[in-house]
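Keep in mind the model is a prediction, meaning the values are calculated, not measured. Quick note: numbers below take in every heavy atom, side chains included, and nothing from hydrogens, waters or symmetry partners. Numbered from 1 within each chain, the chains take letters A, B, ... in sequence-line order.
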Amino acid sequence: MDKLQAIVDQYQKVPGGLIEAFHAVQDEYAYIPEEALRRLAKAFEVPLARAYGIASFYSYLSLKPRGQYIIRICKSAPCHVKGAAEVVKTLEEELAIRMGETTPDQLFTLEFTECVGVCAETPVITINGEPYGDLTSAKVKEILAQYRQPQ
Amino acid sequence: MVNLTIDNISVSVPSGSTILQAAQAVGLKIPTLCYHPDQTVKANCRVCLVEVEGARGLQAACSQTVVEGMVVRTSTPLVFKARKAVVELILARHPQDCLNCVRNGCCELQDLAQELGIREIPYAREIKGMPQDKSTPSLVLDPDKCILCRRCLTVCQEVQTVNALGLRARGYQTSVGPAFYQQLNESTCVMCGQCTQVCPTGALAEREEIDKLLDALADPSKIVVTQMAPAVRVALAEEVGLPTGELDMLTLVGGLRRLGFHRVFHTNFTADLTIMEEGHELLERLNNGGTLPMLTSCSPGWINFIETFYPDLLDNLSTCKSPQQMFGALVKTYWAQKAGVDPAQIYSVSIMPCTAKKYEAARPEMQDSGYQDVDLVLTTREIGKLFRMAGIDLKQVPPSEFDPWMGAYTGAGVIFGATGGVMEAALRTVYEVVTGNELANLDFTVCRGMTGIKEAEVDLAGTQVKVAIAHGLGNARQLMERIRAGEADYHFVEIMACPGGCIGGGGQPRQTDNAQRAIRIEAIYQEDVALALRKSHENPEVKQLYTEFLGQPLGDKSHQLLHTHYQAKSKKLK
Ligand code: SF4
Ligand code: SF4
Ligand code: SF4
Ligand code: FES
Ligand code: FES
């Protein structure tokens, strides 16, 4: 894992470098593999339980393998009242996975997130950061179809 | 000083005090849950809400500092309602298992619910449904009962520097436990049980094994023998409704006989024996260029710690087993021979202030008698429960003597229960062995007290012996770092895993805070002074043991039964 060593070298001296390093690892592998977390904890001399605590606290860090497209569903109150549950249901059915899981072909991951700041168009999802608002079941299916096409 | 009024009572406290401290100063009780007197303020439970005139909303008394002229009200309808709502919210996410909970009758959350008169929970109930962790012989972690007060984290991370426990995930999903949702036996946990001492609920507790004792007592083929550690008597008093230290030793022996134990002995006996072996080991190392400093080896939480974090220093560790394990090895050999019983029939129970002792007894190294040397370890708390279960009132039990051959002890054995005690006991004996003179003053007071790391220099017939004492694993870590770096020139170092030593052990009565530790330590030294014999080498039954069975300290039999070697815990740890 030379890439990991490069990440360690780059952030070891930086204050708060561990979190930066987590981000770099996630950019590289789409999630933070267990082995990487153990090595970073050692390199940054942070006890494993604390490093794990940090990595599992931030919702934008993932400790589970994730797909190419991360679909995040806003679960904050405004979206909640405007039918986020319906959107969740459609996504789970269409992709045949539950929230928090990744499709077997590693294409999609479903996650909840806090308010993404587009409350005017609730309910909202983001796919790799790109927001989609005013969602209905039909619209969700349409969007998924676009992402499924080889680009 | 800052002047304020609380419930119309004028209070004057040093600036920087919290409302809670000010209220306590005038005897007013404000309920708390996350607050712990020995820890930094966490202010995450909101149970301690009070009204402050002019302030917006209610204030947390544990974190709000006082200001001049402040007017505080701690008991108004508004306050009661708010506290009640806080506890109701906690209970909405708490399994209501009180009737079959290890903390039933001694739970801070249950007490609060009771005091606040909670009758129904007006919120949707939602329980995490996480599995219990029973992976170690010492502890049970039940995340569903956790209220996320974080007291255990302060203890495990800051006091003990073990960092087995951390927070996992966020929001509603948050739980306490090892990284990657591993089990405690896969983590760095040393089983000290200090987390069980501070947990306000049943989320972290000792692994209870009372039923195993009942099974053994019900088995007519078994001879059930017991030993009890030096720190048990002083603290057990608290479990049975007596002031600390005021449970008479021989009354306790009588009580244990009523519980059904066939023979009652004392770990103090093997504490004295430990001094004979360890004292001679020290002299041998000093005279023959052995590895120094020699580190004591009687605290099993400490053994787990050095195996995990400082395996490179294992040669420094005394090869002596702990007094519990020396007793275990001897009761199934020496005592069995003298009593003419088949060792296979002996069921050996030890009563300990310690959760790590449960793990120690189950170690594969601990079968030198040809059997498992110690069959069962019960904590002080468990033995307290047994007395209650049996309806035995220790204020009314007639006293009884110890059984012969392994029950005699000296004050040196007694003080093993307090930090610095092993060192002081060793110095009393080593001094007399080396100089051949009688010690004028037996009290090595430099060894005593709650200072985290104590150091002393003792003159042994011209040789200066440098010693150090650490209690609590954070302090032990500091010493180990200095030893590892070659910056410490001690000859002998005492380490106890638990703050205050065994009197503050993970299996002692709740709630063991530092104030309570100091009281128990006081009681230990009182017991020492009151005894006629206060030096291990004067213990008549220990002398008899050497004459009739062991030969001499560090002899062949001793090596076979009383000494051992530990190994690095090389797992994917740290
Ligand atoms: S932890 Fe306390 S409140 Fe919770 S079930 Fe046990 S006794 Fe009851
Ligand atoms: S027993 Fe000790 S080491 Fe283990 S989790 Fe509790 S405090 Fe930490
Ligand atoms: S396990 Fe106990 S001490 Fe630790 S956070 Fe939960 S309730 Fe508090
Ligand atoms: S609440 Fe969903 S985007 Fe703001
Ligand atoms: S005791 Fe004050 S907030 Fe918990």
Side-chain angles (χ1 to χ4, degrees), chain A residues 1 4 8 18-19 21-23 25-26 29 31-66 72-77 79-80 84-85 88 98-101 109-116, chain B residues 44 124 126 128 130 133 139 141 143 146 148 150 152-190 192 194-195 204 305 308-310 473-474 477 481 484 569-574:
Chain A
M1 270 193 172
L4 206 50
V8 169
L18 181 61
I19 294 189
F22 281 150
H23 278 292
V25 167
Q26 176 146 311
Y29 304 98
Y31 78 111
I32 304 172
E34 175 170 339
E35 224 19 71
L37 195 146
R38 287 181 185 276
R39 270 189 60 187
L40 288 183
K42 257 215 169 88
F44 284 84
E45 294 181 3
V46 174
L48 187 62
R50 294 217 208 184
Y52 186 85
I54 295 166
S56 64
F57 179 79
Y58 291 104
S59 59
Y60 43 82
L61 295 176
S62 174
L63 291 159
K64 279 195 274 176
R66 297 196 304 168
R72 294 187 145 143
I73 299 118
C74 171
K75 63 164 182 193
S76 296
C79 280
H80 187 76
V88 168
R98 307 294 308 269
M99 291 304 299
E101 292 176 354
T109 297
L110 287 181
E111 287 176 358
F112 280 117
T113 181
E114 304 297 331
C115 174
V116 295
Chain B
N44 59 33
E126 203 178 346
K128 281 197 214 92
M130 290 180 70
D133 179 342
L139 308 167
L141 167 61
C146 173
L148 295 172
R150 306 185 184 198
C152 58
L153 300 185
T154 302
V155 155
C156 190
Q157 299 182 347
E158 289 164 34
V159 179
Q160 300 295 63
T161 64
V162 169
N163 285 289
L165 299 177
L167 287 174
R168 304 170 300 190
R170 67 205 296 268
Y172 174 61
Q173 289 307 322
T174 310
S175 65
V176 155
F180 301 106
Y181 294 90
Q182 282 183 320
Q183 303 271 292
L184 281 164
N185 70 348
E186 303 165 291
S187 78
T188 49
C189 174
V190 301
C192 66
Q194 286 302 311
C195 52
L204 273 162
F305 185 82
T308 304
F309 295 100
Y310 296 93
L473 292 169
R477 184 182 287 278
E481 287 298 324
R484 195 183 246 175
K569 274 213 173 60
S570 47
K571 287 185 273 175
K572 292 196 286 182
L573 295 175
K574 182 105 195 257

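In this structure, the separation between CD on B:Gln182 and CG on A:Leu48 is 7.5 Å, given to the nearest 0.5 Å.
Between B:Tyr181 and A:Tyr52 the shortest heavy-atom distance is CE1-OH, 3.1 Å.
Residue B:Leu165 touches chain A through its backbone alone, counting heavy-atom pairs closer than 4.5 Å. Proximity to chain B (any heavy atom under 4.5 Å) is restricted, for A:Leu37, to the side chain, taken from C-beta onward.
Around CZ of B:Arg168, the count of heavy atoms belonging to other residues, nucleotides or ligands within 6.0 Å exceeds 12.
Residues passing the ring-ring contact (aromatic ring centres under 6.0 Å, His included) test with A:Phe112, sequence neighbours excluded: none.
Interface with chain A: from residues 169-179 of chain B, residues B:Ala169, B:Arg170, B:Ala179 qualify, criterion being any non-hydrogen pair under 4.5 Å.
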